[in-house]
Amino acid sequence: MTTRRRLLAGSSAMAGIAALRIAHAQSSSPVTPNSFTPNNFTPGADPEAPQLDDVVAPGLQRDVIIRWGDPVLANAPPFRPGFVTEAAAARQFGWDAIIAGIVNPPQAQDGIARIVMVLSHPDVAPRMVFPGGVDRPRIAGKMQGASVLNLSQRGGRWVVVDGGYQSRRITDGTLCTITGPAAASIGPSVQGVLAPGIGCVTPWNTVLLPEGRTNSWVARLADKAAGFSSPTVGAGFGWVVELDALNPTSFPAKRTALGRMPRAGTACGMAGDGSAIVFMTEDAPMGRLFRFKGAAPIGDGSGALDAGTLAVATLEGSSIVWRDLPPGLTSLTATLSAASDGARFDAPAGMAIGADGTLYLACSGNPGRGVDQVDALNPRAGNGAGHILALEPAGGDLAASRFAGRVILLGGNPNTDPTARYTPGSLAWLRSPYTLNFDAAHRLHVGTDQGGAVTDTADGLFVMNVTGYGRYALDMLYLAPIGGAIGGAAFGPQGRAGFTVARHPGATPNADFAHPATRWPTVQPDMPPQTTVVSLTS
C-alpha cells in the first residue's frame, strides 16, 4: 500500500502519539548543521528523496479518506477523468485541497463518533486536469472552492458518510452574503468563492476560508461562467469567507471588516478582553502580516468579525509592532495600499497559535530577497528553503501591540546549505514550510509545499515539540509522492487520529494530464494522479 523506509524507526504519530526522538537533543536553540549528520538517517539513498509513492513513518497506518473526483454529494456521478462535466465537478471532491479544520457536531444518540471536515480547493491546473491542457473555465470554477465532509468512525476507521447531512460543495456558483463596513458599497451578496487558501476554525466553531489571488480567476471566468460578465464583479472577491459548516442551509459570509487582499492563510484566536483576533498573511513573495481585532467580545460569534480594527505588522529589530490602518472604507477595499509600510516576510503562509499565545508563522522562502533586504526575521538573501518564526505577544495577549520574534528553524538541506539551521536531535529536514497546525498534545505539525518542484527532498508532514525537552527538534511523519505537496493537518476527537492531504501528486513542472510524474494513488494507467486526504493512525 505504501513505501516504508526506516527513517523514524520506533516513532508513532500525530496527536497523542507523535513522539519526537529527542534523546540526543542538548539545546532548545537552533544550531548550525554540524549537529545534524547523515548518521541520523539510514545509510544509502537519501531518505527524503521524492518517490512515485507516498511514504509513511513506521508504526503508522495510512488510510485513504477521499480523492479528487470522489463524491461529496450523494448524487455525484462516477469520476471520469478527462470527461468531467460542470454538474459532476460541482458534486465531486476538487483537484487540489488544503484542510481548513474540523468542527464537531452534537453527539448523536447512536454514540457513533462523527466529525465535519472542511477543506479548501484553491487551484485547478489545466495542464494536469484537462486533456491537451486546454482550459475549461466553467468546469474549473466548479472544481475549486471548498468541500464540507461528514466523517464517521466505523470499525476503528474514519470514512466519508454517503449523503451526510452537512456535506456540501462551495464553488464559483455559491451565493454568499457580504457583511461589514464595505457591504454598502459592494452590495449585499455575490456569487462564488474563489481561490480559498489556508483556512482555520474559529473559537465559536465556524470556519474561515481566505480568498487568495482571485483576479486571475475572475479573468478566467469572465464571459464564460454565469455571473462573471460584469466588469465590477471583482469587488466581491478577495475577502475572508466565514462558513457555518454545521448548518448546510447557511450562506457563506464575506467579512469585509477584515480587508480585501490576496491571502495565503488565516489563524483565529481570542484577545484577553474576549474579542476575536484574526491573523492573515498576504500571498506574495514579500508578503505582509495583518491582524484584525474585533470591536466587542465574541459572545456567540454572530457579528464578531463585522466591526473592529485592522493592523499591519511592522518590524523593530526582532520584534513585531502592530500599526493600525486608518479607519474608513479605503483601508478595507485597498488594504495593501493602506499598509505600504508593513514588514515584508519571505512568502508568509500558514500560521498556528500555541497554548501560550505564541503565533507561529511559516515563511515558504523567497529567492528574490536581496542582500540589502535581510532583517532579523528574514535573515537570508536569495534562499527559497524558507523558515519558521515564533512571535510571542507581550503578556500572552494576542491583542498586544508588540510581539517578540525569533527564528526557530531555517529550512534547507543541512548537508549542502551552511545556512540551514535545526535543533540538535532533529531527525529530518525540510524545504518550504507552508502549513502549521497544533495537535491536542500541543505539538506543531509542519506541512511543506515546493510547488511541485523536484528537489533533494519530497514535500512532507513534519512534527516538533515547541516546549520542554527537545524543543523544536524536527521529525517526519509522512511524505507526499513526487510533484505533490502537503495540504495541512487536522486531528480527530481526543487526538486519536490525524488527517493530512497529499496535494496534486505528479504535478511536476514538465508534467501534464497525459504524462504525470506519478499516477498515485491508484497507480492505474487509465487514472490520473489524485489529490488525496489520508488518515494516519498508530
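Numbers here are sequence positions counted from 1.
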Minimal non-hydrogen separation, L151 against V161, with atom names: C-CG2, 4.0 Å
Polar side-chain atom of T532 near backbone of Q530 as donor-acceptor pair, under 3.5 Å: yes
Donor on one side chain, acceptor on other, S230 and T232, under 3.5 Å: yes
Hey, could you give me each pair passing ring-ring contact (aromatic ring centres under 6.0 Å, His included) that has a residue in residues 275-310? Not counting sequence neighbours. F279-W322
I'd like to check I277 versus K293 (side-chain heavy atoms, cut-off strictly below 4.5 Å). Are they in contact? yes
D397 side chain vs G272 backbone, donor-acceptor pair below 3.5 Å: yes
So does D162 have more than 12 non-hydrogen atoms from other groups sitting under 6.0 Å from CG? no
Close side-chain approach of R402 to V321, heavy-atom, < 4.5 Å: yes
Any heavy-atom pair between the side chains of T448 and R431 that's under 4.5 Å? no
Has the side chain of R169 got a donor or acceptor atom that lies under 3.5 Å from a matching backbone atom of V72? no
Note: A352 and L436 closest approach over all heavy atoms is CB-O, 3.7 Å
Return yes if a side-chain donor-acceptor contact under 3.5 Å exists between N510 and T508, otherwise no. no
Under 6.0 Å between the ring centres of F93 and F79? no
Rounded to the nearest 0.5 angstrom, the CD-OG distance for E211 and S120 is 11.5 Å
Donor-acceptor contact below 3.5 Å, side chain R380 vs main chain V374: no
In Å and rounded to the nearest 0.5 Å, what is the CG to CD distance from D459 to Q450? 4.5 Å
For G483, is there any backbone N or O sitting under 3.5 Å from a side-chain donor or acceptor partner on H504? yes
Please check this pair: side chain of T531 against backbone of W68, looking for a donor-acceptor N/O pair closer than 3.5 Å. no
Can you tell me if T281 uses its side chain to pair, donor with acceptor, with the backbone of A349 under 3.5 Å? yes
When you compare the side chain of C268 with that of L208, does any pair of heavy atoms fall below 4.5 Å? yes
Testing R91, R138, R136 one by one against E86 for a salt bridge (Lys or Arg N to Asp or Glu O under 4.0 Å), which residue passes? R138
Cut-off 3.5 Å, side chains only: do T179 and D306 have a donor facing an acceptor? yes
Not counting sequence neighbours, which residues clear side chain to side chain donor-acceptor pair (under 3.5 Å) with E242? List them please. W204, T206, R255
Please determine which of M286, R344, H387 meets the side chain to side chain contact (heavy atoms under 4.5 Å, CB included) test together with N378. H387
Compare all side-chain heavy atoms of T85 with those of I139 and state whether any distance is below 4.5 angstrom. no
When you compare the side chain of D324 with that of L310, does any pair of heavy atoms fall below 4.5 Å? no
Anything under 30° is parallel, anything over 60° is perpendicular, the rest tilted; go ahead and classify F228 against F237. parallel
Applying side chain to side chain donor-acceptor pair (under 3.5 Å), name anything that partners S229, two or more places apart in sequence or on another chain. none
Test item: T174 and P252 side chains (from C-beta on) under 4.5 Å apart, heavy atoms: yes
Keeping Q144 on the side-chain end and A195 on the backbone end, is there a donor-acceptor pair under 3.5 Å? yes
Please answer whether the main-chain N or O of G488 pairs with a side-chain N or O of T500 as donor and acceptor at a distance below 3.5 Å. yes
Can a donor-acceptor pair be found, under 3.5 Å and without considering hydrogens, that links the side chain of S167 to the backbone of L73? no
Could you tell me whether D123 and R503 have a side-chain N and a carboxylate O separated by less than 4.0 Å? no
A side-chain contact here means heavy atoms from C-beta on lying under 4.5 Å apart; do K254 and V241 qualify? yes
